[in-house]
Amino acid sequence: MSSSMGLQDYAKQNIMISKFLALASMPISDVSSDVTIEIGASSFALHKFPLVSRSGRIRRLLIEAKDATISRMNLSLIPGGPEAFELAAKFCYGINIEITLSNVAMLRCAAHFLEMTEEFVQKNLEARTEAYLKDTVLPNISNSISVLHRCECLSPVSEEINLVNRLINAIANNACKEQLASGLLKLDHNFPMKTMPNIEPETPSDWWGKSLSVLNLEFFQRVLTAVKSKGLKQDMISKILINYTHNSLQGLVIRDPHIVTGSLLDMELQKKQRVIVEAMVSLLPTQSRRSSVPMAFLSSLLKTAIASSASTSCRSDLERRIGLQLDQAILEDILIPANSYGNNHGTMYDTESILRIFSIFLNLDEDDDEDNRMRDESEMAYDFDSPGSPKQSSILKVSKLLDTYLAEIALDTNLLPSKFIALAELLPDHARIISDGLYRAVDIFLKVHPNIKDSERYRLCKTIDCQKLSQEACSHAAQNERLPVQMAVQVLYFEQIRLRNAMNGGHNQFFFGTINSQFPQRSSSGAGSGAISPRDNYASVRRENRELKLEVARMRMRLTDLEKDHVSMKQELVRSHPANKIFKSFTKKLSKQLNSLFRINNLKPIGSKPNAESRFLFQRRRRHSIS
């Protein structure tokens with residue numbers, strides 16, 4: 001029974017093949033169509049023989065059909081759709097078709113789907129497209145990128161035939177070959193001219209990296225991973241990332257996160273932002289203090305990550321990268337808008353991120369590079385202590401940046417004093433040589449926030465080192481009613497010491513003592529000083545103690561003179577300006593504060609005569625200075 005059925009099928013196949021061969025001797029135009037191919041909404045009235053002569057899939061479908069007179073076939077799954085099938089059908093009819101960069105990918109996938117291989121006829125469509133790929137596409141980076149872009153809508157067939165991987169590997173290999181050739185050419189050009197600086201050439205307008213912006217995110221990630229594994233330079237990878245991110249986020253970036261309406265469109269844009277930013281961060285080069293990624297790009301990524309509510313790991317990665325390069329930042333880079341969606345009373349800027357970024361920079365000493373760990377102890381000490389060292393120079397740059405940032409965010413009426421104080425207290429004492437910038441920021445904050453608590457006002461002003469204020473800042477602070485009285489007293493005290501030392505023509509050792517202690521002097525050899533013996537240390541302490549006693553005695557005498565001058569000035573100003581109530585109030589507070597200060601330090605109030613001990617110490621100091 002089964003053998004008879006097999007003989008019938010065999011006979012049926014022979015009959016169909018004989019019919020096809022009979023049709024071969026007749027012109028196509030004279031034969032009416034005997035099969036209709038349906039692809040989606042399109043249909044093609046064709047002839048069976050030209051199709052089965054080159055397509056193994058159509059031949060198999062006709063042979064496997066139960067009805068020998070089948071006249072309709074559905075090939076909707078063909079990659080490339082009707083356009084690809086039309087070109088493949090023309091090829092089956094012997095019509096010469098032009099293979100180009102725009103159609104080679106879909107023709108190669110269509111040839112695979114229709115099984116148009118060398119098994120049926122030589123130089124079939126599959127062989128023709130493979131030859132074009134090898135000769136024209138794969139050797140050229142831009143051509144490979146263009147064809148890879150066409151493969152995005154040809155999945156999964158383009159993956160099955162390994163076309164996507166071949167194109168990605170070709171891009172990576174050619175990119176590294178181009179980098180090597182460029183390096184050799186540059187080396188050959190610069191070798192005879194050693195005195196010429198090695199200037200990095202500008203990126204050409206037809207640079208292949210710009211072409212990657214046409215790829216979807218998945219293909220771009222695969223290409224960048226491939227070129228990184230092949231050894232492409234990090235600065236080149238950074239340029240590619242910047243170009244792709246700029247083109248991908250155009251039209252997606254929400255310029256002002258405070259005006260987000262919460263519509264479905266906004267949520268969709270925010271989701272696209274989040275996906276792109278997280279992908280770009282995962283592709284960034286290795287974190288380094290000398291990274292090739294520009295600070296402005298990192299800052300824009302962090303702003304977008306916050307606006308799109310990206311993952312915590314993504315934001316932490318960006319914060320660390322910015323912290324490693326914080327000395328290269330400007331104010332615009334750290335003015336990061338806060339994501340205050342749904343909160344009308346939120347702050348303007350994200351101070352929490354900035355606090356973490358500055359903390360990362362200040363903790364870099366614990367995470368030094370391997371090169372820094374290999375340095376000897378004396379060199380490490382010089383790097384940290386010397387005001388002219390790169391490390392100290394970076395700290396001074398960052399301190400100026402923070403003071404400028406504080407002055408900017410101080411204008412935000414919704415900013416909590418605790419957050420402002422946390423930023424103001426962040427830097428160590430040696431980070432600022434002059435405290436004018438911090439004083440300006442504090443003064444702005446107090447002016448914008450007049451109703452803060454006295455404890456917060458005192459703690460905020462405590463961050464200012466009055467000894468590091470300039471003469472102009474001291475003059476302003478002495479008349480600033482927004483400052484606590486304690487600070488006004490300190491400012492007046494240190495200003496008088498400054499004036500006294502200037503009049504005496506001596507070195508202001510007391511005034512600059514705290515500053516100089518942060519930068520100990522090194523020997524001329526550059527090595528660190530040796531250990532101090534206990535005897536020398538004890539003698540030094542006794543000498544400093546005597547100097548401090550003399551200083552206290554001189555201060556008592558000088559304060560007596562200041563009180564007399566103060567009384568005479570007050571009388572003169574009151575006579576000339578009877579309506580000057582502000583000055584009268586200030587002088588009254590100042591007198592009370594000075595008296596309370598003396599009581600706390602077990603000193604006699606202003607106006608009392610110095611005791612015998614004070615006069616003896618003063619006369620002894622005076623004789624010593626004369627001699």
Side-chain angles (χ1 to χ4, degrees), residues 20 35-44 46-65 70 72-140 143-173 214-216 218-219 222-223 226:
F20 295 151
V35 65
T36 300
I37 306 297
E38 297 177 346
I39 301 176
S42 303
S43 60
F44 299 88
L46 302 173
H47 305 84
K48 294 179 181 179
F49 174 73
L51 299 179
V52 299
S53 64
R54 292 181 179 270
S55 173
R57 187 184 188 94
I58 295 178
R59 175 180 295 190
R60 189 177 69 254
L61 290 175
L62 290 174
I63 292 174
E64 294 175 353
I70 182 173
R72 304 189 75 85
M73 299 177 61
N74 191 298
L75 298 177
S76 297
L77 297 179
I78 183 172
E83 181 183 0
F85 179 78
E86 182 178 357
L87 291 174
K90 288 181 179 180
F91 184 82
C92 292
Y93 276 83
I95 302 174
N96 187 29
I97 62 174
E98 182 183 5
I99 300 178
T100 63
L101 293 175
S102 59
N103 63 22
V104 64
M106 69 176 182
L107 285 177
R108 177 65 183 86
C109 294
H112 175 78
F113 180 83
L114 296 173
E115 300 176 12
M116 301 176 68
T117 63
E118 297 293 290
E119 180 182 352
F120 304 100
V121 66
Q122 290 186 351
K123 295 184 179 180
N124 209 345
L125 184 58
E126 184 176 282
R128 287 278 304 276
T129 54
E130 277 294 331
Y132 186 86
L133 287 170
K134 292 178 181 178
D135 297 339
T136 306
V137 178
L138 297 179
N140 185 276
N143 292 347
S144 300
I145 295 173
S146 177
V147 175
L148 181 62
H149 174 53
R150 303 285 178 175
C151 291
E152 294 174 358
C153 58
L154 299 173
S155 182
V157 178
S158 59
E159 297 285 359
E160 293 174 1
I161 62 177
N162 204 33
L163 179 58
V164 173
N165 287 333
R166 290 168 61 195
L167 291 170
I168 291 176
N169 290 332
I171 295 171
N173 291 330
V214 302
L215 300 178
N216 63 20
E218 179 190 355
F219 279 8
R222 292 171 64 177
V223 170

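Under the 3.5 Å distance criterion, the side-chain polar atoms of S76 are matched with a main-chain donor or acceptor of G40. Looking only at distances, no side-chain donor or acceptor of H149 sits under 3.5 Å from a matching main-chain atom of L215. Panel note: side chain N124, backbone A127; no donor-acceptor pair is recorded below 3.5 Å. The closest donor-acceptor contact from the side chain of N165 to the backbone of E159 lies at 3.5 Å or more, if one exists at all.
Counting only heavy atoms from C-beta outward, the side chains of I37 and F85 approach each other to under 4.5 Å. Two residues are said to be in side-chain contact when any heavy atoms from C-beta on lie closer than 4.5 Å; S53 and V121 fail this criterion. Side-chain contact between L51 and R59 is absent, with no heavy atoms from C-beta onward closer than 4.5 Å. Put simply, the side chain of E38 does not reach to within 4.5 Å of the side chain of L75, judged on heavy atoms. In this structure, the side chains of S55 and F120 stay at 4.5 Å or more apart for every pair of heavy atoms. With contacts defined as side-chain heavy-atom distances shorter than 4.5 Å, the pair R222/V164 qualifies.
In terms of heavy atoms, N216 sits closest to E152 at N-OE2, 2.7 Å. Closest approach of V35 and H47 over heavy atoms only: CG1-C, 4.0 Å. Across all non-hydrogen atoms, the minimal contact from A170 to S144 is CB-OG, 4.2 Å. The shortest heavy-atom contact between Y132 and V104 is CD2-CG2, 3.5 Å. Smallest separation of non-hydrogen atoms from L125 and L107: CD2-O, 4.1 Å. For L163 against C151, the heavy-atom pair with the smallest separation is CD2-SG, 3.6 Å.
In terms of the salt bridge (Lys or Arg N to Asp or Glu O under 4.0 Å) criterion, residue partners of E64 (sequence neighbours excluded) are, by chain and number, R60.
Considering SG of C92 and CG of L87, their distance stands at 11.0 Å, rounded to 0.5 Å. Here OG1 of T100 is found 9.5 Å from CD1 of I97. Values are rounded to the nearest 0.5 Å. Between the NE2 atom in H112 and the OG atom in S158 there is a gap of 10.5 Å [rounded to 0.5 Å]. Expressed to the nearest 0.5 Å, how far OG1 of T136 lies from CG of N140 amounts to 9.0 Å. The CD atom of E115 sits 10.0 Å away from the CD1 atom of I58 when rounded to the nearest 0.5 Å. The NZ atom of K48 sits 5.5 Å away from atom CG of L62, with the distance rounded to the nearest 0.5 Å.
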Query raised in the report: Could you go step by step and tell me if E86 and S42 meet the side chain to side chain contact (heavy atoms under 4.5 Å, CB included) rule?
Result: CA-CA 10 Å; E86 182 178 357; S42 303; over 6 Å; no
Report task. Check step by step if side chain to side chain contact (heavy atoms under 4.5 Å, CB included) holds for T36 and M73. Result -> CA-CA 6 Å; T36 300; M73 299 177 61; over 6 Å; no
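Residue V223 is tested with I145, L167, L148 for a side chain to side chain contact (heavy atoms under 4.5 Å, CB included); the sole match is L148.
In this structure, E118 places its CD atom where more than 12 heavy-atom neighbours from other residues, nucleotides or ligands lie under 6.0 Å away.
Residues in residues 94-111 take part in these salt bridge (charged side-chain N to carboxylate O under 4.0 Å, His left out) pairs, two or more places apart or across chains: R108-E126, R108-E130.
No side-chain donor from either of N103 and R150 sits under 3.5 Å from a side-chain acceptor of the other.
For the pair R54 and F91, the cation-pi test (distance below 6.0 Å, angle within 45°) is passed.
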